[in-house]
Structures are given as C-alpha cells and as structure tokens.
Amino acid sequence: MTCDDAQLLVHAYLDDELDAAQSAAMARHLQDCAACAASYGIHSRLRKALAQPGLYHRAPDALRERWSPTQTVAGSALPTPFRPRRAPLAYAMAAGFAGALLLTSPAWITALRQRGAESNSVVAEAVSSHVRSLQARHLMDVVSTDQHTVKPWFEGKLDFSPRVKDLASEGFPLIGGRLDAIDGRSVAALIYKRHLHVINLYQWPTDSLATAQPEVQRHGYTVIRWTAEGMRYIAISDVSAADLKQFVLAFRNDAGTPP
Amino acid sequence: MPVDLHTIPSSPDSVRSARFETLVLPCLDAAYNLAHWLARDHADAQDVVQEAMLRALRYFDSFHGNDARVWLLAIVRNTYYTLRTKAPQDSLHESLDEEAHPLVDDGPSPETLTLLAVDVGTLQLALECLPSPLREVLVLRELEECSYKEIAAITGQKIGTVMSRLARARERLKVELTHRPKEVRRHDV
C-alpha cells in the first residue's frame with residue numbers, strides 16, 4: 001500500500017468501514033510508515049475530541065414537552081417493579097405498598113406536573129392524596145358509618161356543605177370522612193370501602209361546568225372526575241375501573257338519600 | 001402513497017400514534033442535534049425540528065424501514081434545506097473553492113500537537129466554520145455515530161461521496177483547529 005492510498009483509506013479505517021483485507025493492509029502500512037501513523041494518530045485524537053458530550057445538542061425541554069405523548073409519559077416514568085397490584089390487599093399491605101409508591105413519588109409526581117395541564121395536576125394531587133391517606137392513621141378524621149355523623153362533622157371546617165351518602169346497600173359502605181387539600185383549597189374527602197379496598201371521594205364547589213375525561217388510569221389507580229350541581233368530584237381507588245364506575249353511578253343516582 | 005398498513009380496524013389512529021411514539025419520539029435528540037449543527041442557531045433548530053416532526057407525523061405511513069432515526073434525520077436535513085430556501089449546492093461552492101486551494105498536509109507540526117488539548121468551545125467554533133456539506137457529514141459520523149451506509153441514506157449520496165466528504169471534512173477541521181491559533185497569534189504580535 002502506498003502512502004497516497006493510505007491517506008485515502010485512513011478515514012474509512014478509523015471508521016471501521018474497511019473490509020478485512022484492506023484493514024489488514026492498512027494496519028501493516030501504519031506499522032511501517034511513520035508519517036501515515038502520525039496522521040492516523042492525529043485523526044483518531046480528533047475523533048475522540050469530537051466525542052465530547054458537550055458538542056452534542058440535546059433537544060430542549062420545551063420541544064420535548066411539545067412532543068411527549070399525553071398518556072405514556074407518566075407511565076414510563078414509573079419504574080415497573082412498583083406497578084400496583086390489583087389483587088385485594090390487606091390494610092397493612094396497602095399501607096406498605098403506599099409507602100413504596102411514595103418512595104417513587106417525587107419522580108412520577110414531577111412527571112405528572114411537567115405536563116402542566118391544570119386537570120392533570122388535580123389528578124396527580126388526588127392520586128398522591130389518596131396514597132397519603134392510606135398511610136397509617138391518615139385515612140380518617142371522623143370515623144363513622146353514619147352519614148348523619150359524617151356530614152355535620154364537616155360543618156365549620158369547610159366553606160361548603162359536602163354531599164354525604166351511605167352506599168352500603170350498593171356494596172360501598174361509608175366508613176368516614178377527612179379534611180384534605182387539593183388544588184390549593186380545602187376539600188371534603190369521604191372514605192368508602194369496597195371489600196378490602198379504599199375509595200376516596202373528594203369534593204369541592206366549582207363554577208366550571210366542564211367535565212374533563214371522565215376516567216383516567218394513573219399508576220394502577222382509577223380516577224373518575226365529574227361535576228354535578230356546582231360540585232367537583234374526584235373518585236379514586238385501586239378497585240377495578242368497573243367497580244369504581246359502579247360506585248360513581250351509585251353516588252350520582254342515589255336519589256333515596258337526601259343530600 | 002400506499003395505506004395498506006395492517007392496522008387494527010378498531011383504532012388505527014391510536015395504533016399509528018403509539019408506533020410513532022415508540023419509533024420516532026426517541027430520536028428527538030438526534031433530530032435536534034443535527035438541526036442545531038445545520039442551523040447553528042438555537043431558535044432556528046427548534047423550528048426545523050418542529051417542522052420536521054410534523055412532516056414525519058404526516059408521512060409516517062410511508063415509513064416502512066427499520067431505522068426510524070435514519071428516516072427522521074433525512075427529513076430533518078431536507079426540512080432544513082427547504083426552510084433555508086437555499087439549496088445545499090449553494091454552500092457546496094464554499095467547499096469547491098476550497099478544492100481550488102488544496103490543503104497542504106505538512107505532517108505533524110507543533111500546531112497539530114495542540115489538537116491533544118482541544119476544548120469544546122474551540123471545536124464548536126471550528127465545526128461551525130465548515131461548509132454545511134462537510135459539517136453535516138462530520139456531525140452524522142462523529143456525533144450521531146452513523147455508518148457510511150446510514151449517512152448515504154440520510155444525505156441521498158453515494159457511499160463513495162460520503163467517504164470523500166468525510167475525509168475532506170476531517171482535513172478541513174484539522175486545518176481550522178491548527179491554523180486558527182496561529183492567526184490569532186499573528187494578530188497578537
């Protein structure tokens with residue numbers, strides 16, 4: 001191989017684009033020819049210099065956000081080992097699991113917030129509030145299966161009167177109530193049970209009539225939002241989506257119980 | 001354009017967008033990197049990528065290849081050149097001019113040794129000085145780590161052209177890096 005050939009082929013050699021025969025010939029030439037070896041050395045140093053990460057321009061966040069899918073971001077941000085189980089859980093297990101979720105929560109709550117949409121942040125708050133409520137002794141401020149105990153308990157604690165219904169006949173017994181905060185305001189949280197699962201129902205007054213997508217899945221929880229009679233409702237639970245839908249229907253349609 | 005994708009009749013749109021999300025969205029960094037090196041400007045690069053992604057979404061049905069990155073980078077490149085309303089041939093003249101004054105390879109000199117300590121800022125400036133046909137081939141090869149075949153597919157050139165452009169780009173970059181400090185020094189004196 002002549003030096004002219006080598007000058008031509010040194011780049012393909014660097015890029016590992018030569019066939020075996022050419023590659024071997026090139027290696028032999030570089031051993032014998034100091035000038036070509038020096039040229040090879042310079043170019044391989046140049047290659048290394050160009051590999052510095054500082055030269056790579058990553059897409060700015062604004063662009064990335066514009067193109068990030070609406071649903072999958074939060075899901076993929078959650079490490080798979082922490083995906084919630086749907087099987088019935090004992091309370092202790094639920095609390096432990098909630099703790100595990102909380103450990104990962106900075107990641108996914110940030111991921112949820114990043115999308116910016118107001119309704120999404122409300123859902124994210126509802127999810128984290130639900131998770132928090134499952135931790136020991138955070139679930140209920142007033143423990144009662146009697147709506148006539150739960151409803152008066154909220155008096156003086158909120159600037160509105162929440163609708164409280166017992167849905168035991170529908171398979172969703174009321175077990176208590178709690179004060180909570182969502183979207184920067186105090187809200188009423190009613191706690192219902194479905195077998196061993198907990199359902200949190202948040203409500204607060206709203207002016208808007210807009211009802212966003214009625215049902216979303218977040219980290220294994222089902223969240224259903226609706227607006228009725230000037231009240232905004234969010235129901236969240238790890239029961240199956242069908243069960244939660246049934247709960248919402250029962251709550252909305254139960255005309256037998258006075259509000 | 002054939003629209004004979006074997007999509008599930010129930011929700012072809014969701015299948016399509018899911019495919020787009022898994023295949024094309026992960027290439028966003030690569031798309032922006034190429035756009036930034038071509039446009040040499042933050043805002044222009046964003047415009048190029050935005051437009052290129054819209055085109056990619058529009059023509060996604062025509063993507064049957066197995067390498068979405070190569071496909072997207074080709075779109076980014078075309079988008080840049082059309083948005084610039086200036087054919088790549090225009091800037092080719094720069095490099096052709098350069099060919100009229102062939103580079104003198106004077107072997108290892110004290111200047112070339114400074115290559116050892118090339119910092120990012122100096123490299124950035126030197127790369128930006130290259131005419132775009134040489135710059136793009138270097139960026140695709142060194143930053144995107146594309147093979148010659150992939151570069152040929154992205155730029156629509158023959159592999160031989162890719163090889164010679166890359167060789168020229170590297171020699172030119174070396175000259176930019178080694179001669180620039182000398183000029184600066186001359187000004188200092």
Side-chain angles (χ1 to χ4, degrees), chain A residues 2-19 22-23 26 30 33-77 115 213 217, chain B residues 17-18 20-22 24-25 27-37 42 45-46 49-50 53-54 57 105 107-108 112-113 115-124 126-127 138-139 141-149 151 159 162-171 173-174 177-178:
Chain A
T2 67
C3 284
D4 282 349
D5 292 341
Q7 287 298 324
L8 211 67
L9 291 179
V10 69
H11 297 286
Y13 182 66
L14 273 168
D15 295 323
D16 205 15
E17 296 264 354
L18 290 181
D19 61 40
Q22 279 179 313
S23 199
M26 189 72 200
L30 289 181
C33 174
C36 287
S39 168
Y40 172 80
I42 287 164
H43 281 294
S44 65
R45 281 206 298 274
L46 196 51
R47 282 209 66 200
K48 264 199 205 103
L50 284 170
Q52 292 172 93
L55 287 173
Y56 198 98
H57 298 284
R58 299 206 173 278
D61 288 344
L63 190 68
R64 197 182 304 283
E65 259 167 48
R66 209 182 304 168
W67 284 96
S68 56
T70 43
Q71 278 304 316
T72 53
V73 167
S76 58
R115 273 176 304 157
Q213 63 260 61
Q217 298 285 335
Chain B
S17 70
F20 187 81
E21 280 163 18
T22 49
V24 181
L25 286 190
C27 308
L28 198 64
D29 276 331
Y32 183 79
N33 184 48
L34 179 62
H36 193 284
W37 278 111
H42 188 71
Q46 289 206 45
V49 174
Q50 178 66 15
M53 290 295 284
L54 289 174
L57 194 57
D105 189 8
T112 52
L113 293 179
L115 277 175
L116 264 174
V118 174
D119 61 294
V120 171
T122 316
L123 269 173
Q124 171 107 20
L127 256 178
L138 259 184
V139 167
R141 174 61 213 148
E142 308 291 16
L143 303 188
E144 287 304 334
E145 296 177 336
C146 293
S147 68
Y148 286 10
K149 202 175 152 199
I151 298 173
I159 287 193
V162 171
M163 264 174 113
S164 63
R165 285 235 169 129
L166 192 55
R168 219 140 39 90
R170 281 174 175 155
E171 295 298 342
L173 184 68
K174 192 178 86 179
L177 286 169
T178 52

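Heavy atoms only: backbone and side chains are in, while hydrogens, waters and symmetry mates are out. Reminder, nothing fancy here: chain letters follow the sequence lines and each chain counts from 1.
- Using a 4.5 Å cut-off between heavy atoms, B:S164 makes no contact with chain A at all.
- Of the atoms belonging to B:L138, it is side-chain heavy atoms, and not backbone ones, that fall under 4.5 Å from chain A.
- With rounding to the nearest 0.5 Å, the separation of NE2 in A:H43 from CG in B:L173 is 9.0 Å.
- Contact annotation for A:R66: only side-chain heavy atoms (C-beta onward) come within less than 4.5 Å of a heavy atom of chain B.
- Here B:L54 is the residue among B:L34, B:L127, B:L54, B:L166 with the most heavy-atom pairs under 4.5 Å with chain A.
- At a 4.5 Å heavy-atom cutoff, the contact between B:A30 and chain A is made by backbone and side-chain atoms alike.
- Proximity to chain A (any heavy atom under 4.5 Å) is shown, for B:I159, by neither the backbone nor the side chain.
- Separating the CG atom in B:L123 from the CG atom in A:L46 is a distance of 7.0 Å, to the nearest 0.5 Å.
- Among A:K48, A:E17, A:Q52, the residue making the largest number of heavy-atom pairs under 4.5 Å with chain B is A:E17.
- Among B:L57, B:V24, B:V139, B:V120, the residue with the largest count of heavy-atom pairs under 4.5 Å with chain A is B:V120.
- When all heavy atoms are compared, the tightest approach of A:Y56 to B:L143 is CE1-O, 3.4 Å.
- The side-chain hydrogen bond (donor to acceptor under 3.5 Å, both in side chains) test applied to B:R170 returns A:H11, A:D15, B:E142, not counting sequence neighbours.
- Shown here for B:Y148 and A:A12, the closest heavy-atom pair between the two residues is OH-CA, 3.3 Å.
- You'll find the side chain of A:L8 stays beyond 4.5 Å of the side chain of B:M163, heavy atoms only.
- Applying the side chain to side chain contact (heavy atoms under 4.5 Å, CB included) criterion to A:C3, with sequence neighbours excluded, gives A:H29, A:C33, A:C36.
- Contacts of B:M53 with chain A are made by both backbone and side-chain atoms, with heavy-atom separations under 4.5 Å.
- The greatest number of non-hydrogen atom pairs below 4.5 Å with chain A, out of B:E144, B:E145, B:K149, is found for B:E144.
- Ring planes of B:H36 and A:H57: parallel class, angle under 30° (limits at 30 and 60°).
- For A:D16, the CG atom counts as loosely surrounded, since its 6.0 Å shell holds 12 or fewer non-hydrogen atoms of other residues, nucleotides or ligands.
- Residue with the most contacts toward chain B among A:P60, A:P53, A:G54: A:P60 (heavy-atom pairs, distance under 4.5 Å).
- Both the backbone and the side chain of B:L28 come within contact range of chain A, judged by heavy atoms closer than 4.5 Å.
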